[in-house]
Participant: 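Could you have a look at this structure, given as structure tokens, before my questions?
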Amino acid sequence: MNKKKINMVVAIMVTITILTVGVIRITQIKNNYQANKLTLESCVDNGGTAVVGQKYFWSLTSAACEEN
């Protein structure tokens with residue numbers, strides 16, 4: 001294979017990898033949002049204080065409930 005074909009195959013593989021990681025991350029964020037939403041809504045309905053936190057820059061948020 002010549003150099004142009006090798007570069008094209010590498011570019012396609014890198015693009016597919018980036019898109020795959022992006023789709024997986026978006027799915028994780030969506031699932032985390034739905035879980036946090038249920039937790040926070042039930043917390044507020046029961047008279048608690050909803051607390052949202054994030055441990056690291058790239059981590060997903062976590063939801064907790066502090067009872068009054």
Side-chain angles (χ1 to χ4, degrees):
M1 287 174 51
N2 62 15
K3 189 167 175 101
K4 272 188 160 182
K5 280 191 174 184
I6 292 173
N7 286 344
M8 181 62 75
V9 169
V10 169
I12 290 171
M13 291 175 66
V14 168
T15 302
I16 290 172
T17 302
I18 290 171
L19 289 173
T20 302
V21 169
V23 168
I24 290 170
R25 185 66 176 165
I26 288 170
T27 303
Q28 287 177 333
I29 290 169
K30 179 184 172 191
N31 293 339
N32 186 58
Y33 166 76
Q34 290 172 347
N36 284 348
K37 184 178 175 184
L38 291 174
T39 302
L40 297 176
E41 284 178 350
S42 67
C43 179
V44 171
D45 289 343
N46 294 329
T49 303
V51 179
V52 178
Q54 184 175 2
K55 192 170 186 179
Y56 304 108
F57 179 72
W58 290 107
S59 68
L60 298 171
T61 58
S62 62
C65 183
E66 292 180 356
E67 298 297 325
N68 292 334

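Values reported hereafter were calculated over all heavy atoms of this structure, with side chains retained and with hydrogens, waters and symmetry mates removed.
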Participant: How long is the span from the CG atom in N32 to the OG1 atom in T27, to the nearest 0.5 Å?
Facilitator: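 Those atoms lie 12.5 Å apart.
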Participant: When you compare the side chain of V9 with that of M13, does any pair of heavy atoms fall below 4.5 Å?
Facilitator: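 They are in side-chain contact.
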Participant: Just wondering, do L38 and Q34 contact through their side chains at under 4.5 Å, heavy atoms?
Facilitator: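 Counting from C-beta outward, Q34 and L38 never come under 4.5 Å.
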Participant: Report whether I24 and I16 are members of the same hydrophobic cluster (ILVMFWY, side-chain heavy atoms less than 4.5 Å apart, transitive linking).
Facilitator: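 No.
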Participant: Can you give me the closest heavy-atom contact between A50 and C43, atom names plus distance?
Facilitator: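 Taking every non-hydrogen atom into account, N-SG, 3.9 Å.
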Participant: Nearest 0.5 angstrom please: D45 CG to L40 CG, how far?
Facilitator: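 Separation between the atoms: 11.0 Å.
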Participant: Let me confirm one number: the CG-NZ distance from N7 to K4, rounded to the nearest 0.5 Å.
Facilitator: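 Separation between the atoms: 10.0 Å.
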Participant: Report yes if the side chains of M8 and N2 come closer than 4.5 Å at any heavy-atom pair, otherwise no.
Facilitator: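 Counting from C-beta outward, M8 and N2 never come under 4.5 Å.
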